[in-house]
Every structure is written in C-alpha cells, then in structure tokens.
Participant: 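Below is the structure I would like to discuss, written out as structure tokens.
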Amino acid sequence: MTRARHPPSNTEVANALREMSLFLEMDGVPFKPRAYEKAALAVEALDRPLAEIEAKQGLKGVDALPAVGKGIAERIVELLHTGRMRDLERLREATPIDVSGLTAVEGLGPKTAKILYEELGIRDVRALEKACREGRVRALPHCGEKTEQNILRGIAFLAGVGSRRPLGAVLPLAREIEGRLHEIAGVEQAAVAGSVRRRKETIGDLDFLVAARDPGKVAQAFASMPDVTHVYARGATKTLVRLANGMDADLRVVPAASFGAALLYFTGSKAHNVALRRIAQLEGLKLNEYGLFRDARRLAGRSEEEVYRALGLPFVPPELREDTGEIEAARAGRLPGLIEHGELRGDLQIQTDWTDGAASIEAMALAAKALGLEYIAITDHTRDLAMARGCDEAKLLEQAEAIRKLNRRLRGFRVFSGAEVNIREDGSLDVADEALAQLEVVGAAIHARFRQSKTQMTRRVLRAMENPHVDILFHPTARLIGRREAVALDVDAVIAAAKRTGTVLEIDAMPDRLDLRDEYVRKAVSAGVKLAIDSDAHDPSHLAYADEFGVAVARRGWARKVDVVNALPATRCLAQLKDARGRRRR
DNA sequence: GCCGTTTTCGGCCCGACTGTTTTCAGTCG
C-alpha cells in the first residue's frame with residue numbers, strides 16, 4: 001500500500017468504512033457493521049471533501065457529521081493523514097481476501113466469503129468462479145449445486161456490467177474535470193462529450209473536448225491532473241489517461257472552428273453520427289470531426305447548431321442521439337419539445353426519519369423549498385418492510401396529521417401526505433384501503449419476491465394498479481443498476497394498464513435505479529401515460545437527483561413537460577392524480 | 001460504534017426468503 005499522494009476522496013473513505021463493516025460482519029460482531037455502513041453512507045452524501053472539513057475543523061468537525069462518532073472520526077482522520085487505516089489493515093491481514101469484490105456477488109455475504117477462504121483458499125472472484133466450475137463449492141456446509149449455479153449467475157451478471165459505471169457515480173467527476181479544463185490558460189471552449197453528455201445510464205469512459213490554440217499545453221495540464229494515475233498516450237491532439245477511480249478519460253483538442261463538429265462527433269452515438277454522415281453524403285458533402293465540407297471548403301463546424309442547420313436539420317438534443325428515430329423526426333419537424341431541467345415543481349417520493357430516511361419531514365420540506373420546489377409528498381415505507389420499520393395504518397394517519405400541522409406553518413410550500421406501500425406476492429397491498437383513502441399520494445412498489453415468473457409478476461403489479469387508491473407505481477421494475485436485474489415484468493402490459501387505470505408511472509431518479517428506464521419511458525409517453533419524476537430521497541442531499549438524473553432519463557425517453565405530473569403546480573398535480581382515481585372508481 | 005423530545009447507558013437488527021437442512025445459517029432489504 002503506497003502512501004496517498006493526495007488525501008483520500010470521500011468515496012475512498014466511504015469504501016474503507018464499508019470494508020470495515022464487511023469484515024466486522026464476517027466475524028459476527030454485533031451492531032458495529034451497521035454503524036460503519038451508516039457512516040459510509042453519510043460520508044458519500046457530503047457535498048464537500050472530508051479533507052477540507054478536517055483541515056478547517058479538525059477531528060471535531062469530522063465527529064460532528066451525522067452517523068460519525070468519536071471512533072469512526074479518529075479512523076477517518078488517520079486515513080486522511082496517513083492514507084492508511086490500521087484497524088482495517090489488521091482485518092485484511094487476518095482474512096486476506098477481496099471482501100468487497102466477493103460480496104458484490106449477489107447472494108454471497110461476508111460469512112460465506114470467510115468459509116470460502118478458510119476451506120478452499122478462495123480470495124477473489126476469479127478463484128471463486130473456478131471453484132464453482134470445478135464443483136468444489138458444493139462440498140461446503142450449507143452449499144449445494146444450486147449455490148454454485150447462483151454464484152456463477154451472479155458473477156456473470158457482474159461481468160456483464162463490466163467496467164461501466166452508473167451515470168450518478170461519474171457525472172460529478174466529469175463536471176469537475178470539465179471545470180478544470182476551462183481554467184487552463186488558452187482554452188477557449190471545453191465540454192464533456194460521449195455518453196455522459198447523452199446521459200446514458202451507465203458510462204464506460206470519459207470524453208472531453210477542448211478548443212484551444214496550443215494543444216500541447218492543454219494536454220500537459222490534463223495529464224498532470226491529480227486524479228490521473230497513468231498516461232497511456234499523449235499525442236498532438238489526443239491524450240488518453242487512466243483516472244484514480246479506474247476509468248479511462250480521453251481528451252481531444254481542436255481549433256475553435258471545428259469545436260461544434262468535434263463535439264457532435266465525440267458525443268455520438270456512433271449510429272447517430274453514421275446517419276448524419278449518410279445525409280451529408282447524399283448532398284455531396286463530407287462530415288467529419290473537423291466540420292461539414294464541400295470538397296475542401298468548410299460549410300460548418302463552429303457549433304453543433306451550425307452543422308445541423310447546414311444539413312437541413314434542427315438541433316437534436318444529445319439525449320436523443322441514438323439513431324432510434326430522432327433523425328427522421330428531425331427531418332419531419334417532429335422532434336418533441338423535451339422537458340427541461342428546472343421544470344419540476346414537486347417531488348412525489350420522499351422518505352423521512354419516520355422510516356429509513358435520514359431527516360425529518362420538515363427538514364426535507366425546507367431542503368426541497370431551497371431547491372426551488374413548491375411541494376413534496378412524504379412517502380415512507382409501510383408495514384411489510386421490517387428493515388425500515390415500516391409504518392402501519394395508525395402511524396401513517398398520525399404522520400398525515402403531523403403533515404397537516406406542518407403545512408399550517410410553511411409558507412409558499414405544500415407537503416402532501418402519502419406512503420410507499422408494498423405490493424405483496426399476490427398483488428395485494430400491505431396497508432388497508434381505508435387508510436390509503438385518507439392519504440394524498442399513494443405509491444405502490446415491489447420490495448421482495450423479485451424472482452417471480454413474468455406471468456405472476458405482471459399479474460401482481462397489474463392487480464396493485466387496479467386498486468383505486470394507488471396513484472403511482474414507484475420504481476416499476478425494481479432494478480438496481482449493476483447489482484440487481486429488473487424483475488420479469490411485461491412492461492407493455494403495465495403501460496396499457498396505466499393508461500386504462502390512470503396510474504402514473506414513476507421515473508425513480510436514484511442514480512442506481514433510474515427506473516423506469518429510458519426505453520420504457522418512451523413507450524409510456526407514446527401511449528399517453530403520465531409520468532412522475534421523483535428523487536426517492538432518503539436524505540436532503542438526494543433531492544437534487546430528480547432534476548439531475550430523473551429529468552435526464554425523461555429526456556432520453558422523449559418526455560415533454562406535459563407528460564410529467566410533477567411539472568404541474570401543486571393543486572393541479574394533485575387534481576391530476578385524483579382525476580385518475582375518479583375515472584377508475586366509475 | 002452511534003445516538004439522545006425515553007439523553008451518557010442501553011437500545012439498535014427485524015422478518016422473509018433461500019438452500020440447505022430436520023431445525024437453521026446466511027443474505028437481503
């Protein structure tokens with residue numbers, strides 16, 4: 001372990017805390033694992049670097065963070081100062097395995113990881129896969145052939161995700177690097193391109209584009225950024241590096257006259273570019289990253305708008321550039337007017353400290369108001385979710401009363417009562433209709449029994465949607481990007497049911513959910529189904545996800561403002577939800 | 001190890017599911 005050149009980032013600190021949690025769990029230590037895990041979550045939710053907090057306020061400042069007490073604060077400070085956490089190193093020595101990697105395999109926890117090491121000497125996923133294939137795992141206690149199959153399936157799933165990262169884990173870094181590029185002397189324009197700009201849900205690598213006269217100087221500055229760990233290539237206009245987070249980043253430097261054409265080219269998608277070049281070709285033109293040319297004469301290239309215009313097309317928003325009909329729509333003048341960032345007025349899925357959220361109802365309301373929202377719905381978990389100490393009917397109604405009281409004190413902001421009720425195995429709900437009838441916003445969601453057959457799962461979800469009290473289907477496919485596949489669900493049938501019953505479908509904007517995903521959003525929109533774009537916030541810092549990631553997914557799904565119920569003012573949003581209920585009761 | 005409108009000790013992490021078992025350990029949310 002080399003000494004860190006720079007103080008560890010919040011993500012690195014969180015990872016260390018999470019690894020502590022896994023090792024402690026492995027040894028059956030009570031309560032501490034949860035404490036470390038909560039601290040890791042809190043560290044990740046911070047909006048400024050721990051190193052900065054520690055530099056300004058010392059140990060006390062770290063200790064003052066939520067979920068961080070004296071013990072964990074001391075370990076964090078040790079890590080910040082020395083790049084090491086001795087307790088963690090001791091645990092690693094005692095059980096020298098890649099505990100994070102192994103437990104990333106679904107269904108495999110730290111206890112099993114330890115047995116695998118002690119009995120078979122397995123230290124990492126590669127050795128685990130080999131052992132499963134050779135049938136050696138089935139000999140272990142509580143393991144059988146099925147266990148091996150499940151582990152292999154889990155490993156295959158992880159491999160399929162590959163090195164792609166969720167957009168939410170990448171976008172902040174991409175912005176930071178983009179900002180740094182702007183600051184380099186001589187840089188006229190700078191932009192992040194590639195799939196980040198198209199807001200794809202997962203990102204393979206980062207592409208940056210700069211317009212500057214002195215490419216060498218920019219490349220030099222880029223390659224010597226603190227998070228660069230390796231420089232693969234540094235040419236006249238192209239620099240390729242490996243970043244500390246394991247991703248590759250690509251920088252291109254072009255003259256300003258080519259910036260638009262290059263941005264178009266490096267934003268992609270490849271298929272969109274191919275289609276554009278075909279159009280150019282038909283006109284006897286040539287489109288490349290330097291511009292749109294007739295022979296040697298450049299017709300366009302300074303901006304993307306200029307290039308599109310010269311091709312006889314309106315500007316196509318990056319989120320649509322997948323060659324899935326946007327070129328035809330653009331030619332026909334039928335591109336949708338996409339919902340814009342900043343157009344959401346409310347948030348219809350919020351958890352609080354009544355269940356597994358971190359903050360009070362009022363704190364969430366004030367944080368939402370500070371973001372410019374006009375209303376939120378409080379949708380805490382319900383009874384069946386024991387881990388979140390789910391609300392029963394009495395608690396929900398007590399909360400609704402607390403919300404009524406709060407609303408009397410809030411100025412220019414409205415809090416709706418609500419719930420995130422569980423859809424049970426048979427499609428019934430875990431809260432009685434009489435209680436749901438008294439809530440303003442009812443979302444229903446799947447939280448268990450994910451492996452039902454498609455037929456069963458679809459019947460289950462449809463039955464819940466038929467309940468006249470259910471306004472919104474929350475995170476409809478229950479996937480977790482990179483961790484859990486979507487449930488087997490006939491989404492077309494769900495969309496048809498949403499249309500019939502007036503149920504709103506949610507885009508859950510938590511970065512690891514983004515559920516509904518873009519392609520389903522597009523189907524829903526074209527079927528005339530209404531959407532809600534919600535943060536699913538468990539902490540005030542999550543509220544921004546709705547506008548950042550939820551709107552991005554909506555745009556990728558061709559959604560307009562009119563398709564989104566929480567782009568409406570509070571009373572009209574609620575009225576739309578209630579209209580839908582009314583239609584269904586008749 | 002953290003936390004506190006039950007406040008410096010004593011709770012917190014509970015129920016369901018899975019795959020293995022024959023009474024249960026491990027994992028998940």
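Within every chain, numbering begins at 1; the chains are lettered A, B, ... in the order of the sequence lines, protein sequences first and strands thereafter.
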Participant: Holding to side chain to side chain contact (heavy atoms under 4.5 Å, CB included), I want the full list of residues that pass it with A/Ala432, two or more places apart in sequence or in another chain.
Facilitator: A/Glu393, A/Glu434
Participant: From CZ of A/Arg451 over to P of B/dA16, roughly how many Å is that when rounded to an integer?
Facilitator: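 Roughly 19 Å, once rounded to whole Å.
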Participant: List the residues meeting side-chain hydrogen bond (donor to acceptor under 3.5 Å, both in side chains) with A/Tyr545, not counting sequence neighbours, and say none if there are none.
Facilitator: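 None.
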Participant: Given A/Ile507, which of A/Asp518, A/Val551, A/Leu531, A/Asp536 fulfils the side chain to side chain contact (heavy atoms under 4.5 Å, CB included) condition?
Facilitator: A/Leu531
Participant: Using Watson-Crick or G-U wobble geometry with both distances below 3.5 Å, tell me the partner of B/dC9, or none.
Facilitator: B/dG4
Participant: List in chain and number order the residues that pass side-chain hydrogen bond (donor to acceptor under 3.5 Å, both in side chains) with A/Gln438, two or more places apart in sequence or in another chain; answer none if no residue qualifies.
Facilitator: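 With sequence neighbours excluded, A/Gln438 shows a side-chain hydrogen bond (donor to acceptor under 3.5 Å, both in side chains) to no residue whatsoever.
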Participant: Tell me the side chain to side chain donor-acceptor pair (under 3.5 Å) pairs involving residues 135-147 of chain A, sequence neighbours left out?
Facilitator: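 Every side chain to side chain donor-acceptor pair (under 3.5 Å) pair that includes a residue of residues 135-147 of chain A, provided the two are not neighbours, is A/Glu134-A/Arg136, A/Arg138-A/Glu148.
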Participant: Applying side-chain hydrogen bond (donor to acceptor under 3.5 Å, both in side chains), can you list everything that pairs with A/Glu548, at least two apart in sequence or on another chain?
Facilitator: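 Per chain and number, A/Glu548 pairs via side-chain hydrogen bond (donor to acceptor under 3.5 Å, both in side chains) with A/Arg175.
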Participant: Going by the ring pair (Phe, Tyr, Trp, His ring centres under 6.0 Å) test, which pairs reach into residues 96-140 of chain A, not counting sequence neighbours?
Facilitator: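 Non-adjacent pairs meeting ring pair (Phe, Tyr, Trp, His ring centres under 6.0 Å): zero.
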Participant: Could you run down the sub-3.5 Å N/O contacts of the protein with nucleotides 8-10 of chain B?
Facilitator:
none

Participant: Quote, to the nearest angstrom, the C1' distance that separates B/dT20 from B/dC24.
Facilitator: 8 Å
Participant: When the P atoms of B/dC28 and B/dT22 are compared, how many Å lie between them, rounded to an integer?
Facilitator: 24 Å
Participant: List for me each residue that meets side-chain hydrogen bond (donor to acceptor under 3.5 Å, both in side chains) alongside A/Ser541, sequence neighbours excluded, and say none if there are none.
Facilitator: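 Residues passing side-chain hydrogen bond (donor to acceptor under 3.5 Å, both in side chains) with A/Ser541: A/Asp539.
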Participant: Does A/Glu201 have any side chain to side chain contact (heavy atoms under 4.5 Å, CB included) partners at least two apart in sequence or in another chain, and if so, which?
Facilitator: A/Arg479, A/Ile481, A/Leu514, A/Arg517
Participant: For nucleotides 21-26 of chain B, which of its nitrogen or oxygen atoms have a protein nitrogen or oxygen under 3.5 Å away, and what is each distance?
Facilitator:
{"unit_1": "B/dG26", "atom_1": "O3'", "unit_2": "A/Thr112", "atom_2": "OG1", "d": "2.9"}

Participant: To the nearest Å, how far apart are A/Phe450 CZ and B/dT18 C1'?
Facilitator: 14 Å
Participant: Taking ring-ring contact (aromatic ring centres under 6.0 Å, His included) as the test, write out the residues that go with A/Phe23, two or more places apart.
Facilitator: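 A/Phe23 satisfies ring-ring contact (aromatic ring centres under 6.0 Å, His included) with no other residue.
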Participant: Indicate whether the side chain of A/Gln349 and that of A/His475 have a donor and an acceptor atom separated by less than 3.5 Å.
Facilitator: no
Participant: Let me spell it out: for each of A/Ala73 and A/Asn150, pick the nucleotide of DNA chain B with the closest heavy atom. Which residue's pick is nearer the 5' end?
Facilitator: A/Ala73
Participant: Give the residues of residues 54-70 of chain A touching DNA chain B, defined as any heavy atom closer than 4.0 Å, sorted by residue number.
Facilitator: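 Correct list: A/Pro66, A/Ala67, A/Val68, A/Gly69, A/Lys70.
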Participant: Closest-nucleotide mapping onto DNA chain B: is A/Thr103 or A/Leu24 further toward the 5' terminus? I mean the 5' end.
Facilitator: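 Upstream on the strand: A/Leu24.
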Participant: Is A/Arg484 near enough to B/dG29 that one of its side-chain N or O atoms lies under 4.0 angstrom from OP1 or OP2?
Facilitator: yes
Participant: Give the rounded distance in Å between these two atoms: CD1 of A/Ile446 and P of B/dG29.
Facilitator: 14 Å
